[in-house]
Amino acid sequence: MNKLLYDREIDDELMIQFIIMYALSKADEPMSYSDLLNTVQGNCEINFTDFQLALDNLLETGHAVSRRISEMLTVYTLTQKGNYVIEFFYSHIPLIIREPIDRTIKELYIENRRKNAVRASVTPINMNEYTAECELYDDDKMLVMSLTLYTGPREQAESIAEYYKEHSAEIYGVIIDAFKNAGDKGNGGESEDE
């Protein structure tokens, strides 16, 4: 976390609320109080009292909700109302604040994001007709590749889905190479094989 990126103290109540909502909107799951506090204060110069007042106001206005998991753990999420507001107003938060928050959130959830980066499922189309749907995401949860393969029987779709889960990096590499080679040939250039 690097406060030097935006070293001016933020004391505008509305801006502090936008920053808290932005952090909550980027989280992969409900955020603990300490993670939320560290994410916001670790990347912005915000007085603790101002932070707490802003968070309390978001809870009071119904833009965020808290849920007590245990005596020591309370988690926070945005409501639909809060999501709507931050989708509309996130651009009011300077990029120099948003980017470090994005990096901090990414670090918090990187292990789970990598665990869930490869996804494969089977979808029925008709009787004895299925597709295997395969997806690959990067560490920022951006969809990198999506394949839908018609397979016929369910067993074949399941087999493809399982194979994809185990070999997604290889499959992605082969697809990228195929398009790269096609692009090289399409530009009048010779491929490395020629």
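Numbers for residues simply follow the sequence, beginning at 1. Treat the numbers as computed from the prediction; the structure is a model and nothing was measured.
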Are any non-hydrogen side-chain atoms of [X] and [Y] less than 4.5 angstrom apart?
| X | Y | value |
| --- | --- | --- |
| Ile110 | Asp139 | yes |
| Ile175 | Leu147 | yes |
| Ile86 | Ile93 | yes |
| Ile97 | Ile10 | yes |
| Asp28 | Arg113 | yes |
| Val40 | Tyr22 | no |

Please check if the side chain of [X] supplies one atom and the backbone of [Y] the other of a donor-acceptor pair under 3.5 Å.
| X | Y | result |
| --- | --- | --- |
| Thr79 | Gly62 | yes |
| Asp12 | Met15 | yes |
| Thr39 | Ile101 | no |
| Ser70 | Met72 | yes |
| Asp140 | Met142 | no |

How about [X] and [Y]: does a side-chain donor come under 3.5 Å of a side-chain acceptor?
| X | Y | answer |
| --- | --- | --- |
| Asp56 | Gln52 | yes |
| Asp35 | Tyr76 | no |
| Gln17 | Asn57 | yes |

Kindly compute the distance separating [atom1] ([X]) from [atom2] ([Y]), expressed to the nearest 0.5 Å.
| X | Y | atom1 | atom2 | answer |
| --- | --- | --- | --- | --- |
| Met31 | Lys26 | CE | NZ | 13.0 Å |
| Ile46 | Ile20 | CD1 | CD1 | 6.5 Å |
| Asp138 | Arg114 | CG | CZ | 10.0 Å |
| Asn38 | Ser32 | CG | OG | 8.0 Å |
| Asn128 | Gln156 | CG | CD | 12.0 Å |
| Thr74 | Leu36 | OG1 | CG | 11.5 Å |

For [X] versus [Y], what's the shortest heavy-atom pair and its separation?
| X | Y | value |
| --- | --- | --- |
| Leu95 | Pro100 | O-CD, 4.2 Å |
| Val122 | Pro124 | O-CD, 4.2 Å |
| Ala157 | Ala132 | O-CB, 3.7 Å |
| Ser66 | Leu59 | N-CD2, 3.6 Å |

| request: Would you please classify the geometry between the Phe18 ring and the His92 ring as parallel, tilted or perpendicular, with 30° and 60° separating the classes? | output: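 His92 and Phe18: perpendicular rings.
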task: Fit a plane to each ring of Tyr33 and Phe51, take the angle between them on a 0 to 90° scale, and name the class: parallel (under 30°), tilted (30 to 60°) or perpendicular (over 60°).
output: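 The arrangement is perpendicular - the two ring planes meet at more than 60°.
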- prompt: Do you reckon Val65 sits in the same ILVMFWY cluster as Leu53, going by side-chain contacts under 4.5 Å, direct or chained?
  reply: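 No.
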request  = Starting from Ile69, walk the hydrophobic network (Ile, Leu, Val, Met, Phe, Trp, Tyr; side-chain heavy atoms closer than 4.5 Å) and list everyone else you reach, by chain and number.
outcome  =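 Grouped by the 4.5 Å side-chain rule, Leu73, Val75 form the rest of the cluster around Ile69.
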Exercise for review: Please test Leu143 against Glu135 for side chain to side chain contact (heavy atoms under 4.5 Å, CB included), starting from the C-alpha separation and ending with a verdict.
Suggested key: CA-CA 7 Å; Leu143 181 62; Glu135 296 177 334; 3.9 Å; yes
Verify side chain to side chain contact (heavy atoms under 4.5 Å, CB included) between Tyr130 and Glu158, making sure each step is shown before the conclusion.
CA-CA 9 Å; Tyr130 293 83; Glu158 289 172 348; over 6 Å; no
Provide the full list of ring-ring contact (aromatic ring centres under 6.0 Å, His included) pairs with a residue in residues 140-165, sequence neighbours left out, each pair given once.
->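 Applying ring-ring contact (aromatic ring centres under 6.0 Å, His included) to every pair that reaches into residues 140-165, excluding sequence neighbours, yields Tyr163-His167.
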Q. Does Tyr137 have Arg119 sitting over its ring (NZ/CZ under 6.0 Å from centre, angle to axis within 45°)?
A.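 Yes, Arg119 lies over the aromatic ring of Tyr137.
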Is the number of heavy atoms from other residues, nucleotides or ligands within 6.0 Å of CD (Gln80) greater than 12?
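No, CD of Gln80 has 12 or fewer neighbouring heavy atoms, counting only those of other groups under 6.0 Å.
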